[in-house]
Amino acid sequence: MGVTRLSRTPLPGIGVRYDLTTREQRRLSVVAHRDGARTLNAYRQDDPDACALSVRMTSGEAEALIDALMPAHHSPNLLSTTELGLVAERIELSSLSHWNGRVLGETRMRTETGVSIVAVLRRAEAIPSPGPDFRLAGGDILIVIGTREGVDAAAGILRRE
């Protein structure tokens, strides 16, 4: 049985290429571009130097692929999903965020996205059910629950600088 091998090759001006040889001796590579994009390549089994598939992905598409490859309980941001179509995620507020120092109600989060902020993690403290007068701070981790689309929209609002 073969051993999984991963190598890393810097590509000056482009990024980094990661090459993986699976235990079945299949070759895959990922080029991590400097702009955050990724190119996934799969090579032919009968000719490992011939590329059979090449897919360029945005950083968001690459993250979605990672989520699909990893069980949900391994994702550091994804807390849970249900058959009802709801997800709970952790969204960190940057110290450069537009919302740093502002109150939660100003985000209009529930009105704009339908998402509920069920808790805020600040240092070693958890603040459950923060009200609209709760003052946000850089480094806060907000626990949000809603639809996938709503949570994505909430992340966009909270990452505003």
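Side-chain atoms are counted along with the backbone in the values below, which use heavy atoms only and exclude waters and symmetry mates.
Across E89, R123, E92, a single residue satisfies side-chain contact (heavy atoms from CB on, under 4.5 Å) together with I141, and that is E92.
Residue I91 comes nearest to V151 through the heavy atom pair CD1-O, 4.1 Å, listed as atom of the first residue, atom of the second, then distance.
For D133, the salt bridge (Lys or Arg N to Asp or Glu O under 4.0 Å) test picks out no residue, with sequence neighbours left out. In this view, S54 and N41 satisfy the side chain to side chain donor-acceptor pair (under 3.5 Å) rule, not counting sequence neighbours. Partners of T39 according to the side chain to side chain donor-acceptor pair (under 3.5 Å) rule, which considers only residues two or more places apart in sequence or in another chain, are H33. Take R17 and apply the side chain to side chain donor-acceptor pair (under 3.5 Å) test, not counting sequence neighbours, and it matches D19.
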For a quick test of your reading: what N or O donor-acceptor pairs under 3.5 Å do the side chains of residues 110-118 make, sequence neighbours left out?
from : atom 1 : to   : atom 2 : distance (Å)
R110 : NH2    : S116 : OG     : 3.3
E112 : OE2    : R108 : NE     : 3.3
E112 : OE2    : R108 : NH2    : 3.3
T113 : OG1    : M109 : O      : 2.6
T113 : OG1    : V115 : N      : 3.1

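Distance check: S97 OG to R159 CZ gives 10.5 Å after rounding to the nearest 0.5 Å. To the nearest 0.5 Å, the span separating CZ on R122 from CG on L93 amounts to 9.0 Å. Here the OG1-NE2 distance, from T107 to H98, works out to 10.0 Å after rounding to the nearest 0.5 Å.
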TODO: Could you walk me through whether R160 and L158 pass side-chain contact (heavy atoms from CB on, under 4.5 Å), step by step?
DONE: CA-CA 5 Å; R160 177 179 164 200; L158 292 170; over 6 Å; no
Task: Chi angles and distances behind the salt bridge (charged side-chain N to carboxylate O under 4.0 Å, His left out) call for D35, R56 - done: CA-CA 12 Å; D35 65 0; R56 186 169 170 109; 3.5 Å; yes
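Residue I14 is found in a hydrophobic cluster whose other members, listed by chain and number, are L11, V31; membership requires side-chain heavy atoms under 4.5 Å apart, directly or through intermediates.
Under the 4.5 Å side-chain criterion, counting only non-hydrogen atoms from C-beta, F134 is in contact with V120.
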